[in-house]
Each structure stands twice: as C-alpha cells, then as structure tokens.
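To keep things clear, I will list the structure first and then write my remarks on it.
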Protein chains: 2
Amino acid sequence: MKRETLKGHLDLLLLAVVGAGAAHGYHIARRLAEASGGTLDLPEGTLYPALHRLESKNLLSSSWDTVGGRRRRVYDLTPEGKDALARERLEWGSFAQAVESVLDTV
Amino acid sequence: MKRETLKGHLDLLLLAVVGAGAAHGYHIARRLAEASGGTLDLPEGTLYPALHRLESKNLLSSSWDTVGGRRRRVYDLTPEGKDALARERLEWGSFAQAVESVLDTV
DNA sequence: TCCCTACTCCTAGTCATACGAGGTATCAAC
DNA sequence: GTTGATACCTCGTATGACTAGGAGTAGGGA
C-alpha cells in the first residue's frame with residue numbers, strides 16, 4: 001500500500017477497533033490485520049503515536065495492566081471518542097461514496 | 001472534510017477523470033465536484049500542483065490550448081498513466097474493502 | 001547456555017503532499 | 001468600472017504515516 005493511503009483514515013480504524021472492546025496496542029494491531037485480511041498491517045511507528053494522539057485528544061483513555069510479567073497499556077473509548085467514531089464513520093461513508101461515484105461516473 | 005482525508009487518493013481521482021476524456025484543470029475540478037455530488041471540491045492550491053506532479057511522473061501529458069482568448073492547459077493520460085490508473089483502482093478497491101471489513105467486523 | 005520468536009512498549013527524525021494565501025489575466029454582463 | 005466566472009500559477013505551512021532505532025519479558029529449541 002502506498003505511503004499516504006492511510007492518512008486521515010487511521011483514527012477511524014483505531015476508534016472502531018477499540019469501540020468493539022477495550023484493547024492494548026499490540027492487540028489492536030492484530031485485530032486490525034485480522035479483520036482486514038492482512039491488508040491493514042500497521043508498523044509500530046504508526047500505531048503507538050496514533051494511539052497517543054487519540055488519547056491526548058481525549059478520544060481514548062488508557063490504563064496500565066500487567067499480564068504474565070508483561071506490561072500493556074489498555075485503551076478504551078471515552079464518550080468523546082464514541083462521538084468521534086460516529087462522525088468519522090459518516091465521513092468515511094461520504095468520502096468512499098464520492099470516490100466510487102467518480103470511478104463509476106467518469 | 002478533514003484536511004488529510006484525500007491524501008493518497010487524489011491521484012486516483014485525477015487520473016480517473018482525465019481517463020474519461022482529456023480535460024483542462026478547471027474542467028477537471030468541475031467534473032470531480034459534479035460526479036461526487038459536491039463532496040470533492042478541490043481548491044486550486046491542491047489541483048494544479050497535483051496535475052504538475054502527475055505530469056512530471058509522466059502519467060499525464062499536457063498541451064496548451066486557447067479558447068475565447070483564454071489559455072488552457074489540456075491534460076491527457078499517457079500509457080503509463082493508464083497503467084497507473086488501473087493499479088490505483090485496484091489499490092483503492094482493496095483499501096476500501098479492508099476499511100469496510102473492519103467497520104463491519106469489529 | 002544461547003538464541004530465536006512472540007509479545008509489548010517507546011521516540012526522534014524524515015518525507016510526501018493537501019491546502020491556504022496570494023498573484024495574474026481574459027471576458028461577459030450589469 | 002465593477003463584479004463574477006473562467007483559467008492558470010507558486011510559496012510556504014502543517015499534518016501525520018512511516019523508518020529506524022531502542023528497551024524489556026517470556027518460552028521453546030538447539
């Protein structure tokens with residue numbers, strides 16, 4: 001996939017995954033890869049800064065957890081995050097439809 | 001629309017519009033706005049640099065035209081542009097489907 | 001014992017590119 | 001003579017995905 005393809009759509013994906021249930025970073029990445037049939041395989045340098053950004057925007061909240069000696073940061077949606085997810089879904093819908101229309105029409 | 005939404009997908013749209021018939025910049029923008037029901041309304045600071053970029057990558061070719069005293073630069077697809085368009089269509093398809101899968105699955 | 005794989009997190013710097021703001025010029029219509 | 005549509009351009013900025021590095025835990029195989 002091209003370098004810029006994901007830009008502007010990553011937040012939607014992360015919010016959607018976390019919206020389906022609290023999860024830690026590594027787990028989010030695997031859920032995403034799985035749900036997309038391997039197409040969406042995020043490098044860590046993409047994943048973690050994005051999660052931090054969403055937390056600093058108050059769309060996600062996090063807490064540390066330790067399982068089997070390993071530390072994890074578990075993320076969950078805030079109420080604002082839920083709203084943002086709904087908005088982003090709508091935006092994606094209209095964008096995707098606009099692109100499809102162009103591809104069909106022209 | 002968010003500032004970054006279009007990133008990585010603009011080339012596809014421009015190639016698709018020109019692929020349907022040679023056109024000059026202003027006309028491309030209007031075809032795009034029309035075909036997308038107004039969703040895709042490119043500012044000129046987006047449109048023209050993108051067209052120049054595509055030409056410098058040899059995906060578009062251009063020639064000057066004068067109609068009613070006004071100069072226009074008319075763009076057409078090169079053979080490489082046709083190939084790129086086909087590739088970009090496929091990429092869009094798999095990306096869009098991956099996103100939809102994530103939104104549906106999770 | 002050592003190593004490799006899987007797990008789990010982090011950050012500094014780079015690069016590509018959409019966009020805002022500003023500029024130029026023609027023509028028709030009011 | 002001013003406005004609005006047509007038609008093009010470029011410079012600078014901001015954003016954000018990614019590369020490349022680093023850190024540590026745990027388990028299994030050689």
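Below, chains carry the letters A, B, ... as their sequence lines are ordered, and counting in each starts from 1. The structure presented is a predicted model; accordingly, all values stated were derived computationally and were not measured.
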The side chain of His52(A) lies closest to which of these nucleotides: dC15(C), dT11(C), dC8(D)? dT11(C)
With a 4.0 Å cutoff (strictly under), does any side-chain N or O of Tyr48(A) reach OP1 or OP2 of dC10(C)? no
Would you say His24(B) reaches dT6(D)'s phosphate, i.e. side-chain N/O to OP1/OP2 under 4.0 Å? no
From the set dC10(C), dA16(C), dT11(C), return the single nucleotide nearest to any side-chain atom of Glu4(A). dA16(C)
Quick note, ring-ring contact (aromatic ring centres under 6.0 Å, His included) partners involving residues 6-37 of chain A, not counting sequence neighbours, are His9(A)-Trp92(A), His9(A)-Phe95(A), His9(A)-His9(B), His9(A)-Phe95(B), His24(A)-His27(A)
Rounded to 10 degrees, the angle between the two terminal axes of the helix from dT1(C)-dA30(D) to dC30(C)-dG1(D), each from five pairs: 0°
May I ask you to evaluate whether Arg72(B) reaches the phosphate of dA7(D), defined as a side-chain N or O under 4.0 Å from OP1 or OP2? yes
At under 4.0 Å, does any side-chain N or O of Thr46(A) touch on OP1 or OP2 of dA17(D)? no
Separation of dA14(D) atom P from Leu6(B) atom CG, nearest Å, is 20 Å
Donor-acceptor under 3.5 Å (Thr5(B) side chain, Met1(B) main chain): no
Candidates dC8(D), dA16(C), dC9(C) - which lies nearest the side chain of Glu44(B): dC8(D)
Give a yes or no on whether a salt bridge exists between Lys2(B) and Glu88(A), defined as a side-chain N under 4.0 angstrom from a carboxylate O. yes
Phosphate contact (dA18(C) OP1 or OP2) by Arg53(B) side-chain N/O below 4.0 Å: yes
Applying side chain to side chain contact (heavy atoms under 4.5 Å, CB included) to Glu44(A) and not counting sequence neighbours gives Tyr48(A)
Nearest whole Å is fine: how far is dC19(C) P from Leu40(B) CG? 9 Å
Keeping Lys7(B) on the side-chain end and Gly8(A) on the backbone end, is there a donor-acceptor pair under 3.5 Å? no
Taking 4.0 Å as the cut-off, does a side-chain nitrogen or oxygen of Arg73(A) come that near to OP1 or OP2 on dC10(C)? yes
So, the side chain of Thr78(A) versus the backbone of Asn58(A): is there a donor-acceptor pair under 3.5 Å, distance only? yes
To the nearest Å, how far apart are Arg31(B) CZ and dT6(D) P? 15 Å
Assuming nearest nucleotide by heavy-atom distance, tell me which of Arg70(B) and Tyr75(B) is located more 5' along DNA chain D. Arg70(B)
